[in-house]
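See below for the structure under consideration.
Every chain is numbered from 1 and lettered A, B, ... according to where its sequence line falls, protein lines coming before strand lines. All values below were derived from every heavy atom in this structure, side-chain atoms included, with hydrogens, water molecules and symmetry-related copies excluded. Note that the structure is predicted; figures quoted are calculated from it, not measured.
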Amino acid sequence: MEDVPPSDRLDAKDIEQLRRSLLGWYAQHGRDLPWRRTRDPYAIWVSEIMLQQTQVTTVLPYYQRWLERFPTVFALARADLQSVLKVWEGLGYYARARNLHRAAQMVVDDCDGRVPREVNVVMQLPGIGRTTAGGLLSAAFNLPVPILDGNVKRVLTRLSGSTLPPTAAQRLLWQLSEQLLDRNQPRDFNQALMDLGATLCVPRQPSCPLCPWRECCVAYHLGLQEQIPVSARSPDLPHKHIGVAAIWNDRGQILIDRRPARGLLGGLWEFPGGKIEPGETVEDCIAREITEELAIAIEVGDRLVEVTHAYSHFRVTLYVHHCRYLEGEPQPLACEEIRWVKPSELVEFPFPRANLRIIEALPPTSPYL
DNA sequence: GATTCGTGGAC
DNA sequence: TGTCCAAGAAT
C-alpha cells in the first residue's frame with residue numbers, strides 16, 4: 001500500500017461503481033465461449049491451460065477436440081503421453097501438455113479425480129501458476145480469487161495510469177485486481193475483466209469511447225492510452241541454419257527420431273539434423289550430424305524443401321535433403337528413440353509445425369525406389 | 001530476476 | 001512483410 005499515494009487510491013464508492021459498470025457491460029457484450037457454458041472444473045482447467053499465451057480463436061478447435069478425446073480427468077490421466085502430445089500438436093508450448101497430463105494423474109491419484117478448491121493446493125499442480133489458479137477457481141467454483149493475465153495487466157495499468165517499473169507494477173496490479181474483484185460475482189467479474197482487455201482495451205487503438213471504465217481511467221484522461229503500458233523493444237532474434245535429413249531405406253521407409261522429453265519441443269518427433277557450422281555446406285552438415293547423432297552412413301541427395309520458422313526467441317531455416325541410407329544400426333545418441341516408418345504412418349506421430357511442412361513436401365514413396 | 005519455452009492472429 | 005503480442009509457468 002505504501003507505493004499508492006492516498007490521492008490515487010480508489011475509495012469504496014469508486015470500486016462499487018467500477019464493478020457495476022463492468023458487470024453491466026459484460027452482461028451485454030461478454031463473449032460467448034464454450035468453456036463458459038460449462039461448470040466442469042476439468043473442462044475449464046483444460047481451457048485455462050490452452051489459453052496461456054494463446055488467443056481464443058486459436059484455442060477453440062483444440063479445446064473441442066481435446067474434450068472429445070479426453071472427456072474426463074480420468075481419461076486424460078490414463079492416456080499415454082504420445083497420444084496427449086498428438087492432440088496438442090500445433091498448439092505450441094508443449095510443456096503445457098506434458099504438465100497437464102502429469103497434473104491430471106496427480107489429481108486422480110491424490111484427490112480422487114476432483115480439482116482442489118484451495119489456491120495454494122491447485123498451484124502445486126504443474127502448469128498452474130497464480131493467474132491460472134485464479135481463472136480456474138473463479139470460473140469453476142465462483143471463488144473470489146484474483147487474476148492477472150496479459151489482458152488484465154493492460155486494463156489495470158491504464159486504469160491506474162501506472163508507469164512503475166515491472167516489479168513494483170506487478171505488486172500494484174495484483175493488489176488492484178484483488179481489491180476490485182467483486183466478492184459476490186467473482187466468476188463474472190474476472191471473465192468480464194479479461195473480455196474488456198481482449199475486445200476494447202486492446203494494445204493498439206483501444207476503443208475507449210465504448211469502455212465502461214472510461215470515466216475512471218487515468219490513462220484515458222491523460223490521453224496516454226496508446227502509450228501505456230510501455231512496450232519493451234524486442235531484441236533481435238538469432239537466426240539458426242539447420243541441415244535436415246529425410247533418410248530413406250531400401251524398404252521405402254523414412255527415419256524419424258523423438259526429441260528429449262524436456263526442453264524445446266520435448267517429446268515430439270522430428271527428422272534428424274543439426275546446425276550448419278561456419279563455412280560448412282548443407283550436404284557436409286547433414287552427413288556430419290547424421291554420423292554424430294545416429295552413427296550411420298548415408299549418401300546426401302537432392303534438396304527436398306527449405307522451411308523457415310519463427311519461434312519465440314529465435315528463427316530457424318531448415319535445409320532438408322533426401323538421403324539414402326547406406327549402413328549401420330541407428331543409435332539414439334542425441335534423442336530418446338528412433339523409428340523407420342512409412343510416409344503414410346507419419347500422421348500418427350506428434351511433430352512440431354516446421355516438421356509438418358517437411359511432411360507436406362514429402363513424396364508418397366521413396367525417390368530411391 | 002532473467003530466460004526459456006510455439007504458433008498464429010492482427011495490422 | 002515484419003513486428004507485436006496473446007487467458008503465463010517453470011527454471
Side-chain angles (χ1 to χ4, degrees), chain A residues 30-31 33-36 44-63 85 88-100 102-103 122-140 145-155 165-171 173-174 177 187 190-199 201-206 226 229-239 259-268 270 307-316 350-357:
Chain A
R31 293 174 292 181
L33 302 171
W35 42 89
R36 289 180 181 167
I44 292 170
W45 178 14
V46 169
S47 77
E48 290 290 338
I49 301 301
M50 288 187 170
L51 287 162
Q52 290 170 2
Q53 298 297 102
T54 310
Q55 294 184 354
V56 166
T57 54
T58 303
V59 165
L60 286 170
Y62 283 91
Y63 175 77
L85 287 172
W88 198 274
E89 180 185 67
L91 197 50
Y93 286 132
Y94 298 93
R96 294 184 295 176
R98 302 195 301 268
N99 286 334
L100 180 55
R102 194 153 54 92
V122 287
M123 282 182 66
Q124 297 304 309
L125 295 169
I128 299 186
R130 192 172 172 186
T131 285
T132 300
L136 172 55
L137 295 185
S138 63
V145 189
I147 56 174
L148 190 62
D149 55 32
N151 287 317
V152 177
K153 203 175 291 184
R154 185 173 53 256
V155 169
T167 305
Q170 192 83 354
R171 285 227 325 272
L173 296 176
W174 271 111
S177 181
R187 171 189 295 128
N190 278 345
Q191 298 297 316
L193 205 46
M194 289 189 282
D195 272 17
L196 187 64
T199 63
C201 196
V202 293
R204 282 168 299 190
Q205 298 181 9
E226 290 273 16
V230 294
S231 60
R233 301 183 308 285
S234 63
D236 290 343
L237 302 179
H239 195 141
R259 297 175 58 89
R262 301 164 164 273
L264 183 69
L265 307 170
L268 275 68
E270 65 177 3
V307 175
T308 295
H309 192 78
Y311 292 91
S312 46
H313 53 299
F314 63 94
R315 300 173 184 281
V316 292
F351 283 91
R353 264 293 190 258
N355 276 257
L356 289 179
R357 290 206 251 152

Residues passing the ring pair (Phe, Tyr, Trp, His ring centres under 6.0 Å) test with A/Y62, sequence neighbours excluded, are none

Please state the P separation for the pair B/dT4 and C/dA7 - nearest whole angstrom. 24 Å

Mind checking if A/W88 touches a base, just sugar-phosphate, or nothing, with heavy atoms under 4.0 Å? nothing

Let me have a per-nucleotide readout for nucleotides 1-11 of chain B, 5' to 3', with B, S or -, counting only protein heavy atoms under 4.0 Å. S--SBBBBS--

Given atom NE2 of A/H239 and atom P of C/dG2, what is their separation to the nearest angstrom? 11 Å

Out of A/W35, A/W45, A/W88, which one pairs with A/Y63 under the ring pair (Phe, Tyr, Trp, His ring centres under 6.0 Å) rule? A/W35

Touch check for A/G150, heavy atoms < 4.0 angstrom, all strands: base, sugar-phosphate only, or nothing? sugar-phosphate

So which one's nearest nucleotide on DNA chain C is more toward 5', A/M123 or A/S47? A/S47

Grab the CG-P distance between A/L237 and C/dT1 for me, whole Å please. 18 Å

CG of A/L196 versus P of C/dA6: gap in Å, rounded? 14 Å

With no hydrogens and no angle check, is any side-chain donor or acceptor of A/R154 less than 3.5 Å from a backbone partner on A/G197? yes

Quiz question: going by heavy-atom distance under 3.5 Å, is there a donor-acceptor pair between the base of C/dA7 and the side chain of A/R31? yes

By the 4.0 Å heavy-atom rule, please label A/I44 as base, sugar-phosphate, or nothing. nothing

For A/R154, answer base if it contacts any base atom (sugar-phosphate contacts may also be present), sugar-phosphate if it contacts only those atoms, and nothing otherwise; contact means non-hydrogen atoms under 4.0 Å. sugar-phosphate

With P as the reference atom in both, quote the distance from B/dG6 to C/dT11 in angstrom, rounded to an integer. 14 Å

In whole Å, I'd like the distance from the CG atom of A/D149 to the P atom of C/dA7. 7 Å

Using whole Å, report how far CG of A/L148 lies from C1' of C/dA7. 11 Å

Whole-Å distance separating the CD atom of A/Q170 from the P atom of C/dA9: 10 Å

Could you state the OH-C1' distance from A/Y63 to C/dA6, rounded to the nearest angstrom? 19 Å

Around atom CZ of A/R315, are there more than 12 heavy atoms of other residues, nucleotides or ligands at under 6.0 Å? no

Between P of C/dA7 and CG of A/D195, the distance in whole Å: 10 Å

Donor-acceptor pair between A/R96 and A/Q52 side chains, under 3.5 angstrom: no

Quick check on the 6.0 Å ring-centre criterion: do A/H309 and A/Y311 meet it? yes

Checking A/H239 now: which residues fulfil ring pair (Phe, Tyr, Trp, His ring centres under 6.0 Å) with it, not counting sequence neighbours? A/H241

Between A/R102 and A/P203, just flag the one whose closest nucleotide in DNA chain C comes earlier from the 5' side. A/P203

